[in-house]
Amino acid sequence: MIHSSAQSKKIRRQLPATIAIGAGIASFLVVAAILAPFVAPYDALKMAAGPRLSAPSGNHLFGTDDFGRDLFSRVLIGARLSLGIGIVAVISGLVAGGLLGLFAAFGGRHVEAVLLRLIDVLYSFPDTLVALILVAFLGPGIENATVAITISLIPFYARVTYGLAVRERAKPYVEAARLAGIRSARLVRVHIMPNIGHSLISMATLGFSSAILSAAGLSFLGLGVQPPSPEWGAILASGRNYITKAPWILIFPGLAIFVTVLSFNLIGDGLRDLFDHRRKTP
Amino acid sequence: MLSIGKSKFRPFVTIILAFVLGVSAAANLTASELTVARPFDADTLDPQRAAATYSLQITNLMFDTLLTMDNDGSIHPGLATDWTMADDGKAYSFTLREGVKCHDGSIFDAGAAKASLDRALDPTTLNPNRTVWGPITGTAVDGNKLKVSFSERYGPFTSFLTSMQAVFLCPSSFSAGKFKPIGTGPFKLANWTRNDSIQLEANADYRNLNPLVTNPGRPHLDKLTFKVIPEAVARMAALRSGEADMVEPSLQEANDLKGDGDFKVYASDLSGQQMFASFTWKIKPLDNTDIRRAIGMALNREAYAAIAFEGLVKSSSCPVAPNLFATDQALCSAWGERYDPEGSKTILAASGYTPDKPLKVKLVVYKGEGWDRLHEIMQQDLAAVGVQAEIETWDVAAFYGHIADVNARTDGPPAILTMGMSGVDPDYLYFLWKRPGASNLGLNAELDEMLEEQRKLSGEARAEKIHDIHKYLLTNAYAVPLISPGWGWLMASSSKVHDFRMGFMVSLLFNDVTVSE
Amino acid sequence: MLHLVFRKTVLALVTVFVVIVLSGTLIHLVPGDPITAMMAHSMTVPPEAMASMRSRLGLDLPVWQQVGLYAWRVLHGDLGTTIRGNEPVLNLLMQRLPNTLLLAVSGLAVALLIGIPSGFLAAVYRGRATDNVIAVVAVFGVSVPAFWTGLIMIQIFALKLGWLPVAGSGWRNLILPSLTLGLTYCALVARMTRSALLEVLGEDYIRTARARGLREHQILFVHALRPALISIVTVIGLLFAYLLGGQVIVESVFSWNGIGRLAVQAMLARDYPMIQGFIVVFATSVVVVSSSVDVLYSYLDPRIRTR
């Protein structure tokens, strides 16, 4: 599957395609998010822009919600909020969680033993409960929600990083480096990080959808992002009882999340395969 | 071959035939069962530890009250057939009904009543409704009479005795270490799987005391099951599929059910519930009565009722629930503010607040079905007149702690708060507004005095005093009434369910209920 | 081996203890307490009464003392009684733990049954249409909220078709929530399987096998699959531990009587003994699962020994 050089060339030509598609969609989304206030046909917050709960039509591309607000405008404006939360949470979570995971892997026997179990427990905690506790502490609002979501992502990234680091650690070159007297910190920075970096990137994209869905989970409880913010998770939460009467309230933000996650995933996967391929092929 | 012709045997045979027919008829009758789905389980089945409506709705089916209340607010006998009050209002005597049996067969008499009341008042019981019993100093038994003494006159006592919080327990409930719900009510507990289902069975010995019920004896239903289905959509599916006979419907679909011949919708008109907004009047500029009134004028309560609550509630003008004693919506409308966004804008502009340079406030709330939507519309209403309200939704526990802080402050961002309150008597204004008040809502000495006074009066005099209180709260815009009811007031069932009704404080009455095939 | 198990056990106990103390402290510091939580809609408890109730419940003690007292009792096996209903916490949790376990196992089974073959195919046909389609479908699984999938399933299978019940925790009720969970998490499993298999297939010994002329079929199933599966054992274990935490949203949608819902309700009510009891039981389960997985993993793959 991977070995004939003809096939390698074909794959090499295909890899940039996934990245290209992914990057393309992602850029489109980012641009749309930035331009949203100028492009949106209606004010995302204005009630009675159209009849209540009307299905998608020429006037209202995505239909209207129960206050008569235009859903298309809301999803568009919401892009900034959701992309913001997602990106901030993922990057911060990845950095903090990654450091924690690396520390667990290279911090010594005892550190590893205790930290690992702790990370496992934290990781398995029901998301809703973690977010609830954190938001109860911090108070409502989008910034605090982002902090809460970031913290809830840390154990996941820590565990993943730890797993990857441990696999690297077992490789002969690490043994050799240690024998040569290279200290852990340098070892991690110079050797381990680059090798696990691409896997981390592909895991990072999974965290994005998790972040948005956490935001929705918080909105179920009324916490986190406050009305009338059209953050995608909040729109999903508000549309929950309309599944039979006005399914478009659930479908379109859901589609938006799907497309966003897909594009980031494609980029992540493509990057990972690219590095992997370059590493493996002589 | 039985020869029925012989006159000697005829009566004997008739009896046997009647017996056989009767037995086979009974065998053909299937047990009458009803399944009700609610979003939450009861926290506890101990009525002296329960604060939540979802708990009290169940305990109300297993226990009875000393007195009962009719539609018009008049007080009637319950477990007590008769009662007297001393002239100074500091002593009551209740004559207990004879021969009342508890679910486990024990007798409920004056001694039992005293034991139950003592437990309700005992600080170790941790009864959240302890203070609503009033300033009781002692209880005593005299033959078949229960005597209760007070340190001062407490007018609302008899109304309180009709409410769900004041049910009486059989001593066998709490004589052993672990609490068991044993009462005198129409249903008894068969099984309770926490967070899943509560199964009740009819109490065969039941004799009805409640004027809101027509069935004089045991309920027609044999089994009554309460299931927990947290999601509204799932409850509606259960109703439509027949998995549940009665559910608490989603606001969004309740109107569809109303128009559908296969279903019935019930809305409580005796809820005693009220939703209102209050202000942090200690923080500028909300210390200015005109500004508070202007904010009240900006609120389109009809829209809240029609849109946020899908027309299933009514807007409210008085600071207490519509069906309570001395509540006069017409008078209250005159004292409170009418929806007048233009007038509101003018007043706010005079103080320098316009939609371009708005007054920034926080709208501090907690989440509830329909309430979130009310707050969003409220936010728009306020924006239209020059008030920028930032919504802050807290979870219930944090909410009350937070508003206690916010109400006590004299600086920081001004806030508008919304909350709900329910009761059977307007005396609950005392708990809300007498300093320090619920979560520091308390106002001043003038109002305190009026609140104290109304407890000591009765009849016309009391009604007048209560009107004074309403007038004070409304003309000074310390409270802006919003809508009534606000929570748990709506039920829906299949059309096979008959004669269900809701009582005071959204209690559920199943005594008359029958289920057709 | 025995030595390893012993060490793991001690470690597990230490971890659970640390979690109890840390989480207990955090929870007690969160604004609001069980008394204020009772205020909703019936604000009839005056401040003095509230203070006295708090005092009776030991809530006016300094946080460190409350947490310390609790930890002490837990060490003696006493998880206390709930504040709301005065019922033994351990009983309440044990009533529900089997339900959560059952759902976790079924959900995991579905996720593995769908995920592993998909990931396998995606790796084998890497770069081609199959891989891309599976990637897209996997993303779908991850980005569609579980409550949406769940509610749709109820509408279709319970309401329109009438095949399955809407609410409850019996055997027939298990089908829809397991499917929902499985569909949500099969994406993760597929991804992991795919990368694990690709990783293995890139190893030298596979190249050697190919060079030696072994058939692709044999290479895949005999030489590559096993190491790939072993390397995802940890992820599967983690996923199982995660499902054990109780999927609050799935439990709510399907009225499944599990510990997740219980925990959230207890937190909203600030019922400290109940939340802390949940954490004890939950942390213990997770530690047991992940320790077992670690032991299993080092047993299966001698190259990796967690020190």
Side-chain angles (χ1 to χ4, degrees), chain A residues 1-3 7 10-11 14-15 18 109 112-114 116-118 120-129 132-133 136-137 139 159 163 166-167 169-170 199 202-203 206 209-210 212-213 216-217 220-221 233 236 240 243-244 250 254 257-262 265-266 269 272-273 276 279-280, chain C residues 7 11-12 14-16 18-19 26-27 29-32 124-127 132 135-136 139-140 142-148 151-152 155 188 191 195 198 201-202 207 210 216 231 234-235 238 241-242 244-249 260 263-264 267-268 282-283 286-287 290-291 303-307:
Chain A
M1 299 291 149
I2 304 174
H3 294 275
Q7 279 185 321
K10 183 166 153 198
I11 287 164
Q14 272 189 331
L15 286 174
T18 17
R109 276 176 69 163
E112 176 177 356
V114 178
L116 184 59
R117 285 286 90 82
L118 267 182
D120 281 350
V121 175
L122 290 174
Y123 167 75
S124 314
F125 245 90
D127 287 343
T128 318
L129 187 63
L132 175 54
I133 294 176
F137 234 149
R159 204 23 165 120
V166 155
R167 288 237 301 275
R169 192 179 67 189
S199 298
S202 86
M203 294 313 308
L206 272 181
S209 65
S210 183
I212 304 292
L213 295 177
F220 283 151
L221 297 165
L236 277 178
R240 182 169 164 210
I243 200 163
T244 44
L250 290 170
I257 296 175
F258 169 64
V259 167
T260 311
V261 174
L262 180 64
N265 266 13
L266 287 175
D269 277 353
R272 203 269 314 277
D273 283 352
D276 221 19
R279 213 157 55 90
K280 293 285 166 60
Chain C
R7 275 193 63 236
L11 213 53
V14 168
T15 311
V16 174
V18 169
V19 169
L26 183 65
I27 287 167
L29 291 174
V30 170
V124 164
Y125 293 106
R126 174 221 192 139
N132 291 330
V136 172
V139 170
F140 201 73
V142 165
S143 45
V144 171
F147 81 87
W148 192 82
L151 289 177
I152 293 277
Q155 293 294 334
L188 178 67
R191 269 183 107 73
S195 23
L198 286 178
L201 286 173
R207 254 193 253 180
R210 284 218 175 88
E216 208 54 40
S231 70
T234 328
V235 173
L238 265 187
Y242 181 66
L244 271 184
Q247 295 292 303
V248 180
I249 292 179
V264 171
M267 187 60 212
L268 288 171
F282 159 75
V286 170
V287 166
S290 68
S291 304
R303 292 184 303 162
I304 314 293
R305 281 270 138 89
T306 48
R307 297 193 303 251

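Fair warning: this is a prediction, and the values are worked out from it, not measured in the lab. We name chains A, B, ... by the order of the sequence lines, and we start the count at 1 in each one.
- For the set A:Val114, A:Thr260, A:Asp127, A:Leu221, the entry with the most heavy-atom pairs within less than 4.5 Å of chain C is A:Asp127.
- Proximity to chain A (any heavy atom under 4.5 Å) is shown, for C:Val136, by both the backbone and the side chain.
- Both the backbone and the side chain of A:Leu262 come within less than 4.5 Å of a heavy atom of chain C.
- For A:Thr244, the part lying near chain C is the side chain, with the backbone staying farther off; criterion is any non-hydrogen pair under 4.5 Å.
- The part of C:Val286 that comes within reach of chain A is its side chain, from C-beta onward, which places non-hydrogen atoms under 4.5 angstrom from that chain.
- For a residue to count as touching a neighbouring chain, one of its non-hydrogen atoms must lie under 4.5 Å from one of that chain's; by this rule C:Phe147 touches chain A with the side chain only.
- A search for salt bridge (charged side-chain N to carboxylate O under 4.0 Å, His left out) contacts involving A:Asp120 returns A:Arg117, A:Arg159, not counting sequence neighbours.
- Of the atoms belonging to C:Leu238, heavy atoms from both backbone and side chain fall under 4.5 Å from chain A.
- Both the backbone and the side chain of A:Ile257 come within less than 4.5 Å of a heavy atom in chain C.
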Checklist entry - Does the side chain to side chain contact (heavy atoms under 4.5 Å, CB included) test come out yes or no for A:Phe137 and C:Leu29, once each step is laid out? => result CA-CA 8 Å; A:Phe137 234 149; C:Leu29 291 174; 3.6 Å; yes
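- The contact between A:Leu213 and chain C is made entirely by side chain atoms (from C-beta outward), counting heavy-atom distances below 4.5 Å.
- Between C:Val19 and C:Ala283, the shortest heavy-atom distance links the atoms CG1-CB, 4.1 Å.
- Applying the salt bridge (charged side-chain N to carboxylate O under 4.0 Å, His left out) rule to C:Arg191 yields the partners A:Asp269; only residues at least two apart in sequence or on another chain are considered.
- With a 4.5 angstrom heavy-atom cutoff, A:Ala216 does not touch chain C via any of its atoms.
- Using a 4.5 Å cut-off between heavy atoms, C:Leu26 touches chain A through backbone and side chain atoms alike.
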